[in-house]
Amino acid sequence: MNVGHLAHSAEEVAPKLLGATLTHATPEGTVSITITETEAYSGAADPASHAYRGRTPRNAVMFGPAGHLYVYRSHGLHWCANIVTGTDGIASAVLLRAGRVIEGEDLARERRGDKVEGPRLARGPGNLCRALGITAEHNGTDLLTGASVVLSDGESVPTALIRVGPRVGVSRAHDRQHRFYLAGDPTVSAYRLSPRAKPSAGA
DNA sequence: GGCCAGATGGCC
DNA sequence: GCCATCTGGCCG
């Protein structure tokens, strides 16, 4: 993967990351996924973004150069990972919502639990991080320079298979069509409207 | 300083 | 549907 591919808005990059490969090698083994679901988040213009109110210690990586990993904790127990896009100094990132495990399925199942079905191993942003073994220690990692977590070109995905919809679980700007996923793919997570989402006009 | 909400997931 | 669990951000 070339950094040039990521040097655009999150909205542009998010659909293009479908089909790309994310790999994490550890002493225990290697797990790789094909990305099947993403969401775009921007900065000052996006009320649902962590960067909406400006730079803070938590979201600082979002403001940095493209190709780095932004990891945050959700609800006190899950980790979620984003790929930073765009220009250094301007916040934007793509949340990795789901993927298909293509290497290291045994290790992924060890991390996720015995009973988890193959397609569900990395279904949902928290599960994706757990299957890959991504935690806070990977926040800020450069994915393009051969660090432990690496983003690489995978299979090319036919445009006709890409679907767009509203983002999952966000209470603000929840109508924005910034979620991208592969049609009919069982590894894609279920849509859920935030309980706090305000009713929108025309609904 | 304190409180509330949250880019979730699993179990009842 | 409900709850766990904790951190960031804002004073709702």
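A, B, ... follow the sequence lines: proteins, then strands. Residue 1 opens every chain. Just the heavy atoms: all of them, side chains too, but no hydrogens, waters or symmetry mates, feed the values below.
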**Request:** For C:dG12 versus B:dG6, give the span between their C1' atoms, rounded off to a whole number of Å.
**Result:** 15 Å

**Prompt:** How is A:R167 classified with respect to the nucleic acid when contacts are heavy atoms under 4.0 Å: base, sugar-phosphate, or nothing?
**Reply:** nothing

**Request:** Any strand is fair game: report the nucleotide pairing with C:dT5 by Watson-Crick or G-U wobble, both distances under 3.5 Å, or none.
**Result:** none

**Message:** What is the distance, to the nearest angstrom, from the CZ atom on A:R112 to the P atom on B:dT8?
**Reply:** 15 Å

**Prompt:** When we call it a touch if two heavy atoms are under 4.0 Å apart, what does A:R192 touch: a base, just sugar-phosphate, or nothing?
**Reply:** base

**Test applied, side chain to side chain donor-acceptor pair (under 3.5 Å); reference residue, A:E37; option that passes from A:R163, A:R123, A:R97** = A:R97

**Request:** Report yes if a side-chain nitrogen or oxygen of A:R73 is closer than 4.0 Å to either non-bridging phosphate oxygen (OP1 or OP2) of C:dG8; otherwise report no.
**Result:** no

**Item:** No-H, no-angle donor-acceptor pair, A:H75 side chain to C:dA4 base, under 3.5 Å
**Value:** no

**Prompt:** Going through the checks in order, is the side-chain hydrogen bond (donor to acceptor under 3.5 Å, both in side chains) test met by A:S49 and A:S42?
**Reply:** CA-CA 6 Å; A:S49 171; A:S42 311; over 6 Å; no

**Item:** Aro-ring/base stack A:Y72-B:dA7, d under 5.5 Å, angle under 30°
**Value:** no

**Message:** Tell me whether A:H78 and B:dG9 count as stacked here, given that the ring centres must be under 5.5 Å apart and the planes must differ by less than 30 degrees.
**Reply:** no

**Message:** Base, sugar-phosphate or nothing for A:N82? Non-hydrogen atoms, less than 4.0 Å.
**Reply:** base

**Request:** Please state whether the phosphate of B:dG6, meaning OP1 or OP2, lies under 4.0 angstrom from any side-chain nitrogen or oxygen of A:S171.
**Result:** yes

**Message:** Determine whether a donor-acceptor pair (one donor, one acceptor, N or O, separation below 3.5 Å) exists between the side chain of A:R130 and the base of B:dG9.
**Reply:** no

**Message:** Could you go through A:T26 and A:E28, starting from their C-alpha distance and side-chain angles, then the distance that decides it, and tell me whether this counts as side-chain hydrogen bond (donor to acceptor under 3.5 Å, both in side chains)?
**Reply:** CA-CA 5 Å; A:T26 66; A:E28 292 75 43; 3.2 Å; yes

**Message:** Does a side-chain N or O of A:T56 approach OP1 or OP2 of C:dG8 to a distance below 4.0 Å, or not?
**Reply:** no

**Prompt:** Between B:dC4 and A:R196, is there an OP1 or OP2 to side-chain N/O distance shorter than 4.0 Å?
**Reply:** no

